[in-house]
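Working notes, beginning with the structure itself.
Heads up: numbering here begins at 1 and tracks the sequence. Source: prediction; values computed, not measured.
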Amino acid sequence: QAKGCLLRLVSSAAGGALPHLEELTMVVRKVCRFDFPRQWDELAQFLLGELQQMQARGFDDRSLAVAVVAHHVLKEQASKRLITARRDLHQVGKALTEPFGLVWCALLERMKPKPKAADDRLWRLSRYLDGCFLILLAQGFAHLHETPSGARMICLVKEKVALLLGTFKSCDEAFLVACPFFSE
């Protein structure tokens with residue numbers, strides 16, 4: 001019951017109706033420490049639903065808020081060291097990797113033509129989605145090379161790194177100052 005209320009608060013905060021998303025995210029992360037995914041499947045369903053909505057509506061402030069929450073949840077899962085927790089992350093990885101990959105690819109495609117034209121919100125969204133996707137690729141599978149799209153996912157990460165390095169090399173100092181993505 002408390003976890004359901006927490007998800008409703010996070011959803012409201014992601015939509016801009018409540019302040020303090022970061023604080024709510026920390027509470028979610030602490031609950032995840034003990035209850036996710038085995039005793040809080042609703043969180044995975046919430047994230048899956050939000051990722052599907054993100055694909056449909058595009059990238060907005062809610063997308064960034066959801067990416068922040070997902071990033072903290074996945075970082076918490078990745079920090080667990082017990083073998084049972086690792087297996088749990090593999091189960092979460094099976095459910096979340098494809099939806100995250102689709103959103104991540106859509107953002108990559110949007111940023112490819114003119115990365116310097118992306119605003120700070122898109123760069124921050126990129127940073128959080130990159131973190132989520134890399135956690136899922138690194139620890140969300142027992143064996144990434146055995147998944148049907150594993151090689152493709154690695155090639156996409158290589159493209160993203162090339163995009164980031166190319167943007168970083170070709171931009172002037174004013175762009176770097178205006179876009180905190182590169183200084184964090």
Stepwise side-chain contact (heavy atoms from CB on, under 4.5 Å) check, Leu21 with Val69: CA-CA 8 Å; Leu21 177 69; Val69 171; 4.1 Å; yes

Worked verdict on Val66 versus Gln53 for side-chain contact (heavy atoms from CB on, under 4.5 Å): CA-CA 11 Å; Val66 169; Gln53 289 178 17; over 6 Å; no

Residues Met111, Trp123; criterion side-chain contact (heavy atoms from CB on, under 4.5 Å); working and verdict: CA-CA 9 Å; Met111 295 177 81; Trp123 280 109; 3.6 Å; yes

Residues Leu6, Val27; criterion side-chain contact (heavy atoms from CB on, under 4.5 Å); working and verdict: CA-CA 8 Å; Leu6 187 56; Val27 173; 3.9 Å; yes

Worked verdict on Glu159 versus Lys112 for salt bridge (charged side-chain N to carboxylate O under 4.0 Å, His left out): CA-CA 9 Å; Glu159 282 182 42; Lys112 267 185 192 178; 2.5 Å; yes

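Note that SG of Cys32 is 13.5 Å distant from NZ of Lys75, once rounded to the nearest 0.5 Å. With values rounded to the nearest 0.5 angstrom, Lys30 atom NZ is found 8.0 Å from Met26 atom CE. A distance of 9.0 Å separates CG in Leu125 from CZ in Arg110, rounded to the nearest 0.5 Å. Put simply, CD on Gln55 and CG on Leu102 are 5.0 Å apart, with the number rounded to the nearest 0.5 Å. To the nearest 0.5 Å, atom NZ of residue Lys3 and atom CZ of residue Arg8 are 13.0 Å apart. One distance of note links NZ of Lys160 with SG of Cys155; it measures 15.5 Å at 0.5 Å rounding.
Contact between Leu96 and Ala44 at its shortest, heavy atoms only, is CD2-O, 4.4 Å. The two residues Pro19 and Ala13 make their nearest non-hydrogen contact at O-CB, 4.5 Å. Between Ser126 and Leu107, the closest heavy-atom pair is CA-CD2, 3.5 Å. Across Ala70 and Cys132, no two heavy atoms sit closer than the pair C-SG, 3.7 Å. The two residues Phe133 and Thr97 come nearest to each other via the heavy atoms CE1-O, 4.0 Å. Pairing each heavy atom of Leu129 with each of Ala67, the nearest pair is CD2-CB, 4.1 Å.
The main-chain N or O of Asp60 is found under 3.5 Å from a side-chain atom of Ser63 such that the two form a donor-acceptor pair. The main-chain N or O of Phe59 is found under 3.5 Å from a side-chain atom of Arg121 such that the two form a donor-acceptor pair. Within the 3.5 Å criterion, the main-chain N or O of Ser11 finds a donor-acceptor partner in the side chain of Arg62.
The local environment of CD in Glu98 is sparse, with at most 12 non-hydrogen atoms from other residues, nucleotides or ligands closer than 6.0 Å.
With contacts defined as side-chain heavy-atom distances shorter than 4.5 Å, the pair Asp120/Arg124 qualifies. Residues Ser79 and Arg33 are in side-chain contact: their nearest non-hydrogen atoms beyond the backbone lie under 4.5 Å apart. Between Arg38 and Phe36 there is no side-chain heavy-atom pair separated by less than 4.5 Å. Under the 4.5 Å side-chain criterion, counting only non-hydrogen atoms from C-beta, Val73 is not in contact with Arg29. Between Pro37 and Leu43 the shortest side-chain heavy-atom distance does not fall below 4.5 Å. In this structure, the side chains of Leu74 and Gln139 stay at 4.5 Å or more apart for every pair of heavy atoms. For the pair Phe100/Leu47, no side-chain contact is recorded, criterion being any heavy-atom separation below 4.5 Å from C-beta on.
Residues Val103 and Ile154 fall within the same hydrophobic cluster, defined by Ile, Leu, Val, Met, Phe, Trp and Tyr side chains chained together at heavy-atom separations under 4.5 Å. Linking ILVMFWY residues whenever their side-chain heavy atoms come closer than 4.5 Å, directly or via other members, places Leu18 and Val28 in the same cluster.
If you run side chain to side chain contact (heavy atoms under 4.5 Å, CB included) between Ile83 and each of Lys80, Arg81, Arg87, only Arg87 comes through. Shown are Val157, Leu136, Leu51; of these, the side chain to side chain contact (heavy atoms under 4.5 Å, CB included) with Trp104 is made only by Val157.
Relative ring orientation between Tyr128 and His72 is described as tilted, the plane-to-plane angle lying within the 30° to 60° band.
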